[in-house]
Protein chains: 4
Amino acid sequence: MNHIGKLFQVNIYGESHGNSVGVLLDGVPAGISLNEEDFALDLARRKSGGLGTTPRVEADEVILESGVFNGYTTGGAILIRFLNTNTRSKDYSKLVSHPRPSHADFVANKKYHGFQDYRGGGFFSGRLTLGIVAAGVVAKKILKGVSFHTEITNLGGSTNKEEFKSLLEQVVNEKDSIGGIVRINAGNVPVGLGEPYFDSLESTISHLLFSVGGVKGVSFGIGFDGANLKGSEFNDCIIDEKGTTRTNHNGGINGGISNGNDLVVNVFVKPTSSIGLPQETFNLKTKRVESLEIEGRHDAAIILRAQVVLEACVAIALADASLISKAYQGENKNE
Amino acid sequence: MNHIGKLFQVNIYGESHGNSVGVLLDGVPAGISLNEEDFALDLARRKSGGLGTTPRVEADEVILESGVFNGYTTGGAILIRFLNTNTRSKDYSKLVSHPRPSHADFVANKKYHGFQDYRGGGFFSGRLTLGIVAAGVVAKKILKGVSFHTEITNLGGSTNKEEFKSLLEQVVNEKDSIGGIVRINAGNVPVGLGEPYFDSLESTISHLLFSVGGVKGVSFGIGFDGANLKGSEFNDCIIDEKGTTRTNHNGGINGGISNGNDLVVNVFVKPTSSIGLPQETFNLKTKRVESLEIEGRHDAAIILRAQVVLEACVAIALADASLISKAYQGENKNE
Amino acid sequence: MNHIGKLFQVNIYGESHGNSVGVLLDGVPAGISLNEEDFALDLARRKSGGLGTTPRVEADEVILESGVFNGYTTGGAILIRFLNTNTRSKDYSKLVSHPRPSHADFVANKKYHGFQDYRGGGFFSGRLTLGIVAAGVVAKKILKGVSFHTEITNLGGSTNKEEFKSLLEQVVNEKDSIGGIVRINAGNVPVGLGEPYFDSLESTISHLLFSVGGVKGVSFGIGFDGANLKGSEFNDCIIDEKGTTRTNHNGGINGGISNGNDLVVNVFVKPTSSIGLPQETFNLKTKRVESLEIEGRHDAAIILRAQVVLEACVAIALADASLISKAYQGENKNE
Amino acid sequence: MNHIGKLFQVNIYGESHGNSVGVLLDGVPAGISLNEEDFALDLARRKSGGLGTTPRVEADEVILESGVFNGYTTGGAILIRFLNTNTRSKDYSKLVSHPRPSHADFVANKKYHGFQDYRGGGFFSGRLTLGIVAAGVVAKKILKGVSFHTEITNLGGSTNKEEFKSLLEQVVNEKDSIGGIVRINAGNVPVGLGEPYFDSLESTISHLLFSVGGVKGVSFGIGFDGANLKGSEFNDCIIDEKGTTRTNHNGGINGGISNGNDLVVNVFVKPTSSIGLPQETFNLKTKRVESLEIEGRHDAAIILRAQVVLEACVAIALADASLISKAYQGENKNE
């Protein structure tokens, strides 16, 4: 469903070619300063225009429709809208009968029985991540103190950042696409966030990350490479009473709960599904596998723009966990 | 929290050294045949006793406490209990002041302010996965028709199954531990399960998987290795009107919705944290890093017993998605 | 919170003097015909302008912002907005220090620590019921077949409809207000809606009704008058195999589940809190009880306009229950 | 469903003739002292045995199955069980074909398609209120400081307490039953509990109350009688800066939020449906309306035992609201 979160609740809405896309936030404490400028930086990080991103550029102006008064949150629901302005009218309906490979076209038609808004991918469009980024901005304000550092650690198989530019140029020229791995590092996360059994931090963070189109893998700390280590090598030795660990193979989480070390999340983003190269796929009308050429403007590496979206997902999960944690503060036997 | 699911709701409870552990299931349709024997097979797969597993063996007898009448579910809440019988009384309290590395000891003490039940890990104990396995058995009954095939594809870095036995022997001898990767394959999943935006199948499946202790990575289809592929290589060509794809790099899910191909989930389980080898970790009493020797009986490779638990997680998520999908069936424009 | 519903989810937003008020609907099945005109009738029933209602008249034009394509719901989230146009700028801030009796002024200031949007009552404004009415229209479409009949059975103490007009005239002249009782009757409700234990139909219906400002009592069937009956008088004798009962003291619900008879709900709406007459209330600045005169345009009997809102609440609860019921359909031992 | 609450979560389970009934509590903060004796007083208030109650007396011994360690809550899920011991085996199946009037027999059979556990009413049995009472005990501990006073203000139409005894004697002799009105008064409720729009205190309290069998009306403060008052009479004048009001027609709640005055809730409990007198009802086998005589032991006035159950419902709603309120505490502009 389009709703997530227990106390910091995020409801996403909109489709690529409707009036607007955006997000309805609920459970934001009153008294947080918030205005349009607060969103500028993160929205800019999501913007297209650079190498490897689509030439379709949208204004992405924030409209704070409700829940903010005199520059502060009121405790009411906050509706944030982004108008859809730069939509190109063309015939998208052929994608219903000739579905793009690795896209939602085929499943959407089955699931929604032909009533889906197929224009520009409908609500499967990457454009809905605008709402995620906006929610992330508010989440970071709730978290205050937590710092985020996000980067691409693998682009199209390469882990050498100096190669990234030439790799992108090559892929753009080939009309192909690449994916890669994003690492999000959150510092100053307090000890104790996360609610076992089912709302471990890994659970709530991955839940949000996997809702973003193109995400196909999530790991924490050393991730899948940890399969090569023995327990004696993997275990993170605690070295002080704050819980600092010598290594951080667990990515800052034990038993589903933040342990005070940096939270480290790795996200695999698959290569953009839409490519300029012709591809084979089944045509439901002719009942044959036929070549399909996807028109229009694409991101050769959507991972570039996805970084801030994935960071926002982590922030949203942490913000919710931090409000819940506050509710349960109580007696302290340790003192 | 200990509650998950929208229509098929799973509530887990218990701790290692309490009366019992188990699960309270809600939203199970009336009229599903259910008795104690239905649980035997999956519980046996979770049992210890073999090479690389702990010698502590529990009876794990199922008690169907409510919600079943004359061999069928009644539509009421189903409480399933497992008595804790084989608990060893020893002094666990030292683990509060000298917390085990990579365990929940340290964070539990911080989060629950000293009131946590630290005996045998309390509710962080692997024993709580009994409830997950039991819930999985009921989930599979709701799903009827979906088939599961689960195996270890990587054990301690090795992908060669013939080596597994000798590897385990070596690790047991060294008093160390290993992890690895489990692959769950679900066949005959109908097209259309999963509820975007936030309840993509990847989201709900990973949410459950990451609630299991030791899980540190989840990926779908080809997983993180897909970073090496270009879009033209990664994309799964659709070859017939049922949506069958030539490759299955997406692991049976597009746009967060099942596409009718095999669902393929990879789960990284870290090496068991408890090892026989002495390890360094901070002693909160002496305020020094000191060697800790963990007494007792351990699983050298908890991944062996985790397989059926992780399979159960996938089944639980699919069962919930399948009930939701049923609710939304309606008009069909395609017909 | 501003979110309700399990499968048919309603999220309300907005405040009296913001850009807009409205509702975000989720979980609406794809393929339901929906356009702006569908809302006209119910919105008209909520409109002001008649005797006993405020002279402030708003256009209340429906904006279907998302989730509808080619006249049908798409399965995506449906955002419905109503612009706030006829807002009068005046100094509302004095109501913070001199709070109106029986209003939310005092508690809002305490709860939101002074950050609440106090203009026109903020999100406590009756204007938010526009979203409820809109949600009700969609709910009725989901329910198809259920018929609603709603009327005032008690106005300011009178149960004689012929007196209502003169009563209203009198109250308007006195600058006072009146309340009363609304009865909602829902016909053709299928047997079996409602989910015990906690989601009895009475529970979910009352939950929604009590969220509407001014509602202070909810009863079913004969209601509180049933205290005068003995069991032998109260019990509704079943007279046929469809479950028709001779009397309907239970209001169509047994054990929290619809029994196929008319659903009968009674709602007490208190007299409008805002009256033209001067009233005493504590002034937080002067620290004295002082007379307060509330300026502006009021509804002498908000109950008149509340009828369709309360009917919408019942429809929303039934729509959600009906989707849930569909999900759990399964085997049938009775056949 | 059998689950309620956002932070203080209550899951009820069991049926009249199963192993046990009880409740699974989640979200209880760690460090609350809790032991079996804490339940004694409230369980005694629910006990039968007195005039107007059933002669079936159960031991109702509390079993704290999990979540409590060394006399304190651990932060884990708390399972509380009550064994079913005093069950009489008799043939209940005839109630399926000859359903009792005003009971759940008919709807249960329709909804659960014949698979319901019909023995002793299954999960519709009043015995499930044991779990509610137990949850209420824990809720009151979370609330600390809030005081409850609960009484019957109307018994079988009479508001004169001195008549109650003779009234009960008469009804018992007649093999009939009576209902009435319970008033719950909660003192020392802090200002600011309740979460508009949908989680007004009236909403969450009524939701819980209406889940209890036999409850058919809920009102706050003066309740339905307020229909006779004009706004100038109904409005509660605030007389000091704490928000104390001269009258309390609103029952301590404005805008869905507690205002610091006594919370006053009135609950109409219908006359017990099971009576000794023969009654007419449809026989689904013979297809005729026929006389039914209900065997066994009944409560002539279940309202007597319901008082503590309804009080528990109010406590549960307040406990949840109080945890939520704590989470949202933040900046304060008023200071």
Side-chain angles (χ1 to χ4, degrees), chain C residues 1-2 4 12 101-102 104 106-107 110-111 113-115 124 154 157 176-177 180-181 191-192 195 197-200 202-203 206-207 210-211 216-217 219-220 223-224 226-228 230-232 234-239 243 254-255 257 259 268 270-272 275 277 280-282 289 332-334, chain D residues 1-2 4 12 101-102 104 106-107 110-111 113-115 124 154 157 176-177 180-181 191-192 195 197-200 202-203 206-207 210-211 216-217 219-220 223-224 226-228 230-232 234-239 243 254-255 257 259 268 270-272 275 277 280-282 289 332-334:
Chain C
M1 319 281 294
N2 297 289
I4 201 166
I12 211 157
S102 292
F106 180 82
V107 293
K110 287 279 183 184
K111 186 173 181 71
H113 315 297
F115 293 101
F124 295 95
N154 180 318
D176 210 332
S177 69
I181 301 173
V191 181
E195 299 297 326
Y197 196 80
F198 292 117
D199 295 332
S200 78
E202 292 112 327
S203 289
S206 70
H207 193 133
F210 275 120
S211 67
K216 284 290 179 179
S219 71
F220 294 84
F224 282 79
N228 301 315
K230 294 193 176 160
S232 57
F234 190 99
N235 285 351
D236 298 314
C237 167
I238 303 175
I239 59 168
N254 289 125
I257 297 170
N259 66 17
F268 163 51
K270 71 177 186 181
T272 320
I275 57 177
L277 283 173
E280 290 205 316
T281 184
F282 196 76
V289 173
N332 196 332
K333 197 180 178 183
N334 292 328
Chain D
M1 317 281 294
N2 297 290
I4 200 166
I12 211 157
S102 290
F106 179 82
V107 293
K110 286 281 184 184
K111 185 173 182 71
H113 315 297
F115 292 102
F124 295 95
N154 181 318
D176 210 334
S177 68
I181 301 173
V191 182
E195 299 298 325
Y197 193 79
F198 291 117
D199 294 332
S200 79
E202 292 111 327
S203 289
S206 69
H207 193 131
F210 275 121
S211 66
K216 283 292 181 178
S219 71
F220 295 84
F224 282 79
N228 301 314
K230 291 191 178 163
S232 56
F234 190 100
N235 285 351
D236 298 314
C237 168
I238 303 174
I239 59 167
N254 289 124
I257 297 169
N259 66 18
F268 164 53
K270 70 177 186 181
T272 320
I275 56 177
L277 284 172
E280 291 205 315
T281 183
F282 196 76
V289 174
N332 195 333
K333 198 182 178 182
N334 292 329

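Just so you know, these numbers come straight off a predicted model, no measurement behind them. Chain naming here is simple, since letters A, B, ... match the order of the sequence lines and numbering starts at 1 in each. The basis for the numbers below is simple: all heavy atoms, side chains too, and nothing from hydrogens, waters or symmetry mates.
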[X] versus chain C, the contacting section by heavy-atom distance below 4.5 Å:
X	value
D:Ser200	side chain
D:Asn154	side chain
D:Phe124	side chain
D:Ser206	both

Exercise: identify the closest heavy-atom pair between [X] and [Y]:
X	Y	value
C:Val289	D:Cys237	CG1-SG, 4.3 Å
C:Ile181	D:Ala227	CG1-CB, 4.4 Å
C:Gly255	D:Ala104	CA-CB, 4.0 Å
D:Phe106	C:Ile238	CB-CD1, 4.1 Å
D:Pro271	C:Gly226	CD-O, 4.1 Å

Top residue by heavy-atom pair count (under 4.5 Å) with chain C, among [options]?
options	value
D:Val191, D:Thr272, D:Ile239	D:Ile239
D:Ser177, D:Ser203, D:Pro101	D:Ser203
D:Glu280, D:Met1, D:Lys270	D:Met1
D:Lys110, D:Lys111, D:His207	D:His207
D:Gly114, D:Ser102, D:Gly157	D:Ser102

By ring pair (Phe, Tyr, Trp, His ring centres under 6.0 Å) - contacts of C:Phe210 (at least two apart): D:Phe220

Heavy-atom donor-acceptor pair, C:Asn259 side chain to D:Val107 backbone, under 3.5 Å: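 Absent.
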
Whether C:Ser219 side chain and D:Gly217 backbone form a donor-acceptor pair below 3.5 Å: no

Approximate separation, where rounding is to 0.5 Å, of [X] [atom1] and [Y] [atom2]:
X	Y	atom1	atom2	answer
C:Lys216	D:Phe234	NZ	CZ	6.5 Å
C:Lys333	D:His113	NZ	NE2	13.0 Å
C:Phe224	D:Phe224	CZ	CZ	6.0 Å
D:Asp199	C:Ile4	CG	CD1	6.5 Å

Under the side chain to side chain contact (heavy atoms under 4.5 Å, CB included) test, residues paired with C:Asp176 that sit two or more places apart: C:Val171, C:Glu174, C:Ile275, C:Leu277, D:Lys230, D:Ser232

Note, C:Ile12 side chain near D:Tyr197 side chain (heavy atom, < 4.5 Å): yes

